[in-house]
*Asks:* 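The following block contains the structure, expressed as structure tokens.
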Number of protein chains: 2
Amino acid sequence: MQPAVEVNENALTERQKDVLDAALALLVEAGDTLTMTSVARRASCSKESLYKWFGDRDGLLTATVQWQAAKVRGVPVDPEAFSLKSLTSGLERFASDWLRVLSGTISVALNRVAVGHAGSDKHDLGAIVLENGPFAMARRLKPLLQLGLDTGLLAFNDTDEAFRTFFGLVVRDVQIRLLLGDRFELTEAAIDRDARRATQQFLALYGVHKTADMATKS
Amino acid sequence: MQPAVEVNENALTERQKDVLDAALALLVEAGDTLTMTSVARRASCSKESLYKWFGDRDGLLTATVQWQAAKVRGVPVDPEAFSLKSLTSGLERFASDWLRVLSGTISVALNRVAVGHAGSDKHDLGAIVLENGPFAMARRLKPLLQLGLDTGLLAFNDTDEAFRTFFGLVVRDVQIRLLLGDRFELTEAAIDRDARRATQQFLALYGVHKTADMATKS
DNA sequence: ACGCCGCCGTAACGTACGGTACGGTACGGT
DNA sequence: ACCGTACCGTACCGTACGTTACGGCGGCGT
């Protein structure tokens with residue numbers, strides 16, 4: 001037997017996608033206490049197929065995380081007519097998107113299992129989530145920051161440091177509190193407000209001002 | 001049988017503290033895959049004693065987390081002669097302390113198990129860590145912020161919002177990356193540098209300036 | 001028609017581990 | 001000397017679950 005060849009390729013049968021969606025749903029409901037039997041029952045497939053397709057439990061979890069990651073690919077920003085206004089709206093849209101994803105039940109569930117498995121693992125789920133979470137966010141945002149730097153709207157020495165500051169201003173304690181199980185209501189209005197606040201604070205720190213900006217105080 | 005009465009009181013035998021330290025060490029080494037047998041062997045005690053003292057596995061984990069939390073109680077700040085200098089140094093000391101704790105192996109291990117158990121649990125470990133982590137930090141920092149507000153050195157409407165911004169500026173993506181298993185070297189020098197940067201950025205956002213402050217760019 | 005293949009459902013196996021029971025030992029009180 | 005208490009070490013039980021094996025069935029090529 002050569003197990004789990006499908007995972008390495010991007011070739012996923014519709015049937016297999018359905019299975020992964022079922023696993024995802026169970027992951028959200030029950031955390032990583034999901035059993036192979038429960039996945040098979042939920043997806044109406046046999047355990048034999050699960051093992052043939054994904055090798056073992058770890059392979060199934062890995063494939064599930066990657067499957068979700070593949071669905072979340074965001075659209076990049078287009079660097080054309082660029083101004084303080086477009087920079088601001090780009091940052092705001094980015095922040096609100098990120099907060100929305102972050103506070104979603106799927107993201108919370110996935111980060112939970114990834115954190116749980118991050119200690120000692122072979123198919124490190126943590127690395128996968130890391131890659132598709134913070135790192136992907138950085139890759140997506142850095143072109144925008146670089147553009148701001150090149151056009152003189154922003155000023156900083158290290159793009160990575162600037163990104164990480166923006167990350168902190170956006171996420172703050174939201175993610176860790178959600179992961180630790182804090183009941184947290186993040187309404188659309190709150191997300192928009194936080195995105196605007198984080199953007200304004202970021203511009204206050206790294207923007208090149210000609211005029212005094214508006215309220216950065218909460 | 002009335003199980004685990006000891007947990008409710010603060011009365012912990014020296015022997016029991018030793019056991020909890022052993023459990024803590026195992027938690028750091030192996031994550032929450034630690035077994036009752038392994039704890040008993042490491043602490044050179046019988047499983048029967050573990051169950052008598054802590055009720056069940058969950059009780060042992062809970063007691064372990066609380067035991068560690070009890071050891072971390074920090075000293076509060078004294079509100080006497082207050083100036084921009086003391087505010088700054090207070091914030092910096094606070095930030096560096098927090099970063100040091102946060103990046104320690106014990107904190108990472110404890111947050112890992114708490115996050116893992118946060119989904120569906122009875123003795124919610126997540127709540128305990130939340131209480132002794134971010135919430136304790138907030139309680140410890142807010143008097144300092146309030147003092148800054150009262151003395152006119154700071155300006156904000158909502159203390160909680162100000163705290164959470166400071167939290168974001170200090171922690172950024174450090175904690176989530178560590179939890180997800182990112183190999184991360186946080187040297188003493190880096191911690192001090194980050195603490196100063198976060199403090200300066202916070203003052204730039206919420207401080208009442210008479211003079212232009214120093215470099216907030218990285 | 002017929003055999004092959006992929007898949008479902010289910011039963012079975014092996015094992016790891018939470019939890020319990022029990023024998024043995026040290027010790028302090030009487 | 002005797003008993004109760006506390007504890008260690010270990011063997012044991014029950015169960016949950018990962019993993020494997022097997023019987024049956026519908027579709028598809030020939």
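By convention in this document, chain letters (A, B, ...) are assigned in the order of the sequence lines, proteins followed by strands, and residues within each chain are numbered from 1.
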*Asks:* Checking side-chain polar atoms at under 3.5 Å, does Arg196(A) have a donor or acceptor matched by the opposite partner on Gln200(A)?
*Replies:* no
*Asks:* Looking only at side-chain N and O atoms, does Ser86(B) offer a donor or acceptor that is under 3.5 Å from a partner on Ser89(B)?
*Replies:* no
*Asks:* Between Arg57(A) and dA16(D), is there a side-chain N or O to OP1/OP2 distance below 4.0 Å?
*Replies:* no
*Asks:* I need the residues from residues 27-50 of chain B with at least one non-hydrogen atom less than 4.0 Å from DNA chain C; give them sorted by number, or say none.
*Replies:* Leu34(B), Thr35(B), Met36(B), Lys47(B), Glu48(B)
*Asks:* Which pairs count as side chain to side chain donor-acceptor pair (under 3.5 Å) when at least one residue sits in residues 101-110 of chain A, sequence neighbours excluded?
*Replies:* Ser107(A)-Asn111(A)
*Asks:* Taking the basic N atoms (NZ, or NE/NH1/NH2) and the acidic carboxylate oxygens, is any pair closer than 4.0 Å for Asp97(A) and Arg93(A)?
*Replies:* yes
*Asks:* State whether a side-chain donor-acceptor pair under 3.5 Å links Asp32(B) with His117(B).
*Replies:* yes
*Asks:* At less than 4.0 Å, is any side-chain N or O atom of Trp53(A) found next to OP1 or OP2 of dG6(C)? Yes or no.
*Replies:* no
*Asks:* Can you tell me how far P of dG19(C) sits from CG of Leu60(B), to the nearest Å?
*Replies:* 10 Å
*Asks:* In whole angstrom, what separates Tyr51(B)'s OH from dT10(D)'s P?
*Replies:* 17 Å
*Asks:* Scan for ring-ring contact (aromatic ring centres under 6.0 Å, His included) pairs involving residues 178-203 of chain A, sequence neighbours excluded, and state none if there are none.
*Replies:* Phe166(A)-Phe202(A), Phe202(A)-Tyr206(A)
*Asks:* My understanding is that only residues two or more places apart in sequence, or in another chain, count here; which of them pass salt bridge (Lys or Arg N to Asp or Glu O under 4.0 Å) with Arg15(A)?
*Replies:* none
*Asks:* Let me check something: any side-chain donor-acceptor pairs from residues 169-180 of chain B under 3.5 Å, sequence neighbours excluded? List them with distances.
*Replies:*
from: Arg172(B); atom 1: NH1; to: Glu161(A); atom 2: OE1; distance (Å): 3.1
from: Arg172(B); atom 1: NH2; to: Asp194(B); atom 2: OD1; distance (Å): 3.4
from: Asp173(B); atom 1: OD1; to: Arg164(A); atom 2: NE; distance (Å): 2.9
from: Asp173(B); atom 1: OD1; to: Arg164(A); atom 2: NH2; distance (Å): 3.1
from: Asp173(B); atom 1: OD2; to: Arg177(B); atom 2: NH1; distance (Å): 3.2
from: Arg177(B); atom 1: NE; to: Asp182(B); atom 2: OD2; distance (Å): 2.8
from: Arg177(B); atom 1: NH2; to: Asp182(B); atom 2: OD2; distance (Å): 3.0

*Asks:* Can you measure Leu61(A) atom CG to dT19(D) atom C1' for me and round it to whole angstrom units?
*Replies:* 16 Å
*Asks:* Let me check I have this right: for DNA chain C, each base becomes ., (, ), [, ] or |, based on Watson-Crick or G-U pairs with both distances under 3.5 Å. What is the full string?
*Replies:* ||||||||||||||||||||||||||||||
